[in-house]
Every structure is written in C-alpha cells, then in structure tokens.
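Naming convention: chains lettered A, B, ... in sequence-line order (proteins, then strands); numbering from 1 in each chain.
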Amino acid sequence: MPITVATWNVNSIKARMHAVTGWLKDNQPDVACLQELKTTEDGFPFMELESLGYNIRIHGQKSYNGVALLSKQPFESVTRGLPGDDKDDQARYMEAIIMGRNSPFRVASIYLPNGNPVPGPKYDYKLAWMTRLKTHAENLLKDEEPFILAGDYNVIPRSGDVHDPKAWEGDALYRPETHAAFRALLGISLTEAFDQMDGRFGQYTFWDYKGGAWPQNRGLRIDHLLLSPQAADRIRRFTIHRDVREGVRPSDHVPVVGKFDL
DNA sequence: ATGGTCGCGTAGCGA
C-alpha cells in the first residue's frame, strides 16, 4: 500500500472547514500539509479533524500565515520554524518524521513568502527565506533518506506554469531572482514531483479570487512537492485536484497529492 | 448603470 502526501493552502482553516473535512473524507490522504491557517492553536479545530483519524501538529499565528501537519500515522518528531534566522517570527515552516509502511520519512509543510511588492523588504525576505530553505535542505540531504518538502512556494517555475507570462514579468512569483533561487533549490538535487511525473504545461494550482480568474482558467502553478532523491525514486503518482476550486466557498488554491512507495 | 475577491477583524493589510 502506497503512502499519499497532500499539500493544500486552505486560506483560513476556520473559513474552510466545510471544504477541508469533505476533501479529507473523500480522499483519505495519509499526510496532509496545510498552509495559511490564519489562526493560533487556540482557534484551530483540532477535535473535528482528529475525529477523521488524524494526528495533528500546527505552527500557528494570529491572522496570518500558519502551517499544519495532519498524519494518520503518529509523529516521531516535530520541529517548528525554518532555521537560519532567530528573529523571524512568521509561522511558515514545520517538519516531522512519520512512519511509512516500510520506513520513516520526513515531511515539511511550507508557506514560502509571497514577496510582493518588488523591490522592497518583502522581496528581500522572500529571497533570504529561499536561501535558508536551501541551506536547511542541504543538511537534510546528508542523511540520504526520503523527504518531501510540500507547500505553497509562491514560485511559478516556468512560462508554461502561468496563463499569461507577459503579465507576470516583474512579479515576485516570476522574477529572474526568484527563478534563480528556485533553480538553486533543485540544483542541490531536489526534484519537483511534477517534473518527475512528466507534468504538462498549463496545469495550475491557484486561481485568484479577483477578476474571474477561475472561470477563465487564468491560473498559476505555485504549489509544489520537492523531493529528496530517495523520495523521487519512490513516487508513483502526482495529482492536482483541480475540481476542488469549483466547490462552495473554495480556497484560491487546490490540493496537490503525491503517491509514494514508502 | 453599477460593480465586478476574500479573510481577518472591524480599518486596512495581505495575498
């Protein structure tokens, strides 16, 4: 039996419970990495999600950011925050070790900074955050074990991953410096699950609420699974749950799911 | 002709 690992930016867990519970019941992922909870532990609906069979750990923040890990198997260890800057108090990163069917593997839930407007402190923070992520991943790679860095990267990897590349030139999600930082992340020998599974262009994971982006399919592919070599070897399926964007009061992002022999 | 995004939290910011 393979393991499924999902990532989903829910854009407020409290506002999205109807969609989240429905999707978890229907799809039963072994692990779900959630982003943009927009709440602290106090407001997080632990009971309702635990009743669906999940162990839950969150790294919360009031009003903004916030990430969670949900797992059917128990957590072996959990760490909160991305190393490399003690003054960074934004809740955008957590990771855990989880038992697979055969061996343990590591999973991170990532909410990479948006970075707009450019130039400015927010863009500087984004690029610095990406460098910190690279440094941290380099350390994880030394173990030569399977791991999955799943989340909203706020990076459009290529022109085929955006409806209108011209319109996004200069945006923090699509700038050359952003591409360079993302390429550097892949350069240390991480693999995008989308690439490993021969994903086609024009498959999006986000459609803005504004301007009728969804009905016109003006989307972006910004939610990604980055895999260590040992995880890339074991991926068997990669799916973007596009239909979820059609639901009642949807998130602007949809779930992305990888299936692994782990 | 008008208004045409959502969530948090109750103004205006962040995305």
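Look at CG on A/N116: it is 12 Å from P on B/dG14, rounded to the nearest Å. Summarising the geometry, the separation between CZ on A/R92 and C1' on B/dG14 is reported as 10 Å, rounded to the nearest angstrom. With rounding to whole Å, A/I156 atom CD1 is found 15 Å from B/dA15 atom P. Note: CD (A/E36) to P (B/dG14) measures 13 Å, nearest angstrom. Separating the CD atom of A/Q216 from the P atom of B/dG4 is a distance of 17 Å, rounded to the nearest angstrom. Distance CG (A/N9) to C1' (B/dA15): 9 Å, rounded to an integer number of Å.
Residues A/N11 and A/Y209 bring a donor and an acceptor atom of their side chains to less than 3.5 Å of each other.
Between B/dG9 and B/dG4, the two P atoms lie 23 Å apart (nearest whole Å). Spacing of C1' atoms, B/dC6 relative to B/dT10, comes out at 15 Å, to the nearest Å.
Electrostatic pairing of A/R106 and A/E95 counts as a salt bridge here, judged by a charged N lying under 4.0 Å from a carboxylate O. A salt bridge links A/K134 with A/E138: the distance from a Lys NZ or Arg NE/NH1/NH2 to an Asp or Glu carboxylate oxygen falls below 4.0 Å. In this structure, A/R16 does not pair ionically with A/E36, as no charged nitrogen and carboxylate oxygen lie closer than 4.0 Å.
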**OP:** For each nucleotide in nucleotides 5-12 of chain B, reading 5' to 3', give B when a protein heavy atom comes within less than 4.0 Å of its base, S when such contact involves only the sugar-phosphate, and - otherwise.
**Re:** BSSSS---
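In terms of the ring pair (Phe, Tyr, Trp, His ring centres under 6.0 Å) criterion, A/F260 has no residue partners (sequence neighbours excluded).
Here A/F206 lies out of heavy-atom contact (under 4.0 Å) with every strand.
Through side-chain heavy atoms spaced under 4.5 Å, either directly or across other Ile, Leu, Val, Met, Phe, Trp or Tyr residues, A/I156 is tied to A/V162, A/W168, A/L173, A/Y174, A/F206, A/L220, A/I222.
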